[in-house]
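Here's the structure, in C-alpha cells; my notes come after.
In listed order, ligands and their atoms are each counted from 1.
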Amino acid sequence: MKIFLDTAIITDISDRVDTGLIDGVTTNPTLIFKSGRSPEQTYQKIIDLGISDISMEVVGQTKGTMISQALALSDRFGDDATIKVPCTVEGLKACQELSSNHGIRVNVTLIFSAAQAILAAKAGASYVSPFVGRLNDNSICGISLIREINEIFKVQEVRTTKILSASIRNVRDVIQSYHFGADIVTMPPKVFDEMYGHVLTDVGVGIFEKHWQEVPDLAPCDLDPV
Ligand code: G3P
C-alpha cells in the first residue's frame with residue numbers, strides 16, 4: 001500500500017516528505033505548468049528531496065517522439081524516472097518498447113476503462129493510472145473501475161502491473177481505492193493532510209492535554225526506585 005503525492009510544487013512535497021509516508025510523486029504537464037519551473041528542474045528538485053519514483057510524462061502523437069523524450073529522461077534521472085505515457089495506440093507502443101527493450105518503468109495514464117488497463121498490462125506497464133475523479137465528474141463511478149481492474153488482474157494473475165489510483169478528490173476516494181484493490185494512490189497534498197484528521201482525535205488530544213496539566217507533581221522521593 002503506497003502513497004504518492006500528485007503535485008509538482010516543491011514545497012508541497014518537502015513539507016510532507018519528513019512524515020516518512022511518501023513513496024513517490026506523480027506529475028503531468030498541467031502540474032508542471034502550475035509549478036512555474038521547467039520539467040527537468042522540477043524532477044531534480046524532487047529527487048533532491050529523496051523521492052526515488054517520479055512519474056514524468058512525455059507528450060507527442062507518435063511512439064518515436066515519446067520514446068526519444070523517455071530515453072533522455074531515463075539517461076538523466078536513471079531509476080528515479082517512471083515514464084508516463086497516455087493510453088493511446090502510440091503511447092502503448094512506446095510503453096512496450098520502453099519496458100521490454102530498455103527495462104524502464106512505465107506508468108500508463110488517462111485510463112478510463114478496464115479494456116485500456118488490460119492493454120496497458122499487456123504492453124508491460126508497471127503502473128496503470130485510472131482517473132477516479134474525472135470519471136466521477138462525468139457521472140461514472142470511478143471506484144467501480146478500480147474494483148473491476150483489480151478483479152481482472154487477480155483472475156488473470158497479473159502481478160507486475162500495479163494499479164495506481166489517480167485523479168483523487170477527497171479522502172473517501174483514497175479509502176475506497178485501497179479497499180477495492182489499488183496498490184498505490186496518488187493524491188493532492190491537501191487530501192494527504194486530510195487523511196490525518198478526525199474530530200474525535202482532536203477532542204481526545206485536548207482532553208488528555210488538559211488532564212496531563214492537572215496531574216500533581218510528584219515529590220522527589222516518589223521517583224526513587226523501590
Ligand atoms: O495523476 C493524474 C491526476 O493529476 C489528474 O488529476 O484532478 O486533474 O483529474 P485531476
Hey, which residues fall under 4.0 Å of ligand 1 on heavy atoms?
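The 4.0 Å shell around ligand 1 contains Asp6, Asn28, Lys84, Phe131, Arg134, Ala166, Ser167, Arg169.
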
Kindly give the heavy-atom pair with the smallest separation between Ile146 and Pro130, and that separation in Å.
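Shortest heavy-atom contact: CD1-CG, 3.7 Å.
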
Mind listing the closest non-hydrogen atom pair of Arg105 and Ser126 along with its distance?
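So the two residues come closest at CG-OG, 3.4 Å.
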
Could you tell me whether the side chains of Thr82 and Asp53 share a donor-acceptor contact shorter than 3.5 Å?
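A donor-acceptor contact under 3.5 Å links the two side chains.
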
Within the 3.5 Å criterion, strictly below it, is a donor on Ser14 or Thr11 matched to an acceptor on the partner's side chain?
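Side-chain D/A pair, Ser14 to Thr11: absent.
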
Report all side-chain donor-acceptor pairs from residues 106-123 shorter than 3.5 Å, counting only partners two or more places apart or in another chain.
residue, atom, partner, partner atom, Å
Asn107, OD1, Ser129, OG, 2.7
Asn107, ND2, Ser55, OG, 3.1
Asn107, ND2, Ser129, OG, 3.4
Ser113, OG, Ala115, N, 3.4
Ser113, OG, Gln116, N, 3.1
Gln116, OE1, Phe112, N, 2.7
Gln116, OE1, Ser113, N, 3.2

Crowded around Phe208 CZ? As in, over 12 foreign heavy atoms under 6.0 Å?
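For Phe208, atom CZ is not crowded (no more than 12 foreign heavy atoms under 6.0 Å).
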
